[in-house]
*Asks:* 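First, the structure itself, so that you have it in front of you.
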Amino acid sequence: MHPIPRHYLVDDENRPVAVQLDLATFEWIEDQLENAGLVARMAEVEGDELLSLEAALALYETMPKAP
């Protein structure tokens, strides 16, 4: 497990109210969440019909293009 260094922010009564993370740790957490989402999505479509290269290119040509 990746260590998650953090700093707790407290209120006037010294109760934790928030956590502050360094940017590198935050970006690592974002990557982990994106990867988990990608794995879940890949599992959802496992076994779906695959397109040939020609069919994929034909479909791509029908998609709207960004201005």
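Because only heavy atoms are used, hydrogens play no part in the values below, and waters and symmetry mates are left out as well, while side chains stay in. On a predicted model such as this, the values are computed, not experimentally measured, just so you know.
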*Asks:* Show me the donor-acceptor pairs, under 3.5 Å and distance only, between side chains in residues 57-67 and residues at least two apart or in other chains.
*Replies:*
residue	atom	partner	partner atom	Å
T62	OG1	L59	O	2.6
K65	NZ	Y60	O	2.9
K65	NZ	M63	O	2.9

*Asks:* I'd like a table of donor-acceptor pairs (distance under 3.5 Å, sequence neighbours excluded) in which one partner is a side-chain atom from residues 48-56, with atom names and distances.
*Replies:*
residue	atom	partner	partner atom	Å
S52	OG	A55	N	3.1

*Asks:* Give the table of side-chain donor-acceptor pairs shorter than 3.5 Å for residues 19-32, with sequence neighbours excluded, one pair per line with atom names and distance.
*Replies:*
residue	atom	partner	partner atom	Å
D22	OD1	A24	N	3.2
D22	OD1	T25	N	2.8
D22	OD1	T25	OG1	3.1
D22	OD2	T25	OG1	3.0

*Asks:* E44 pairs by side-chain contact (heavy atoms from CB on, under 4.5 Å) with which of E46, M42, R41?
*Replies:*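 Output: one option passes, namely R41.
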*Asks:* Inspect the surroundings of NE2 in H2 and state if more than 12 heavy atoms from other residues, nucleotides or ligands are less than 6.0 Å away.
*Replies:*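 Yes, enclosed.
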*Asks:* Given V17, which partner from the list D12, D11, V10 fulfils the side-chain contact (heavy atoms from CB on, under 4.5 Å) test?
*Replies:*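 When side-chain contact (heavy atoms from CB on, under 4.5 Å) is applied between V17 and each of D12, D11, V10, only D11 qualifies.
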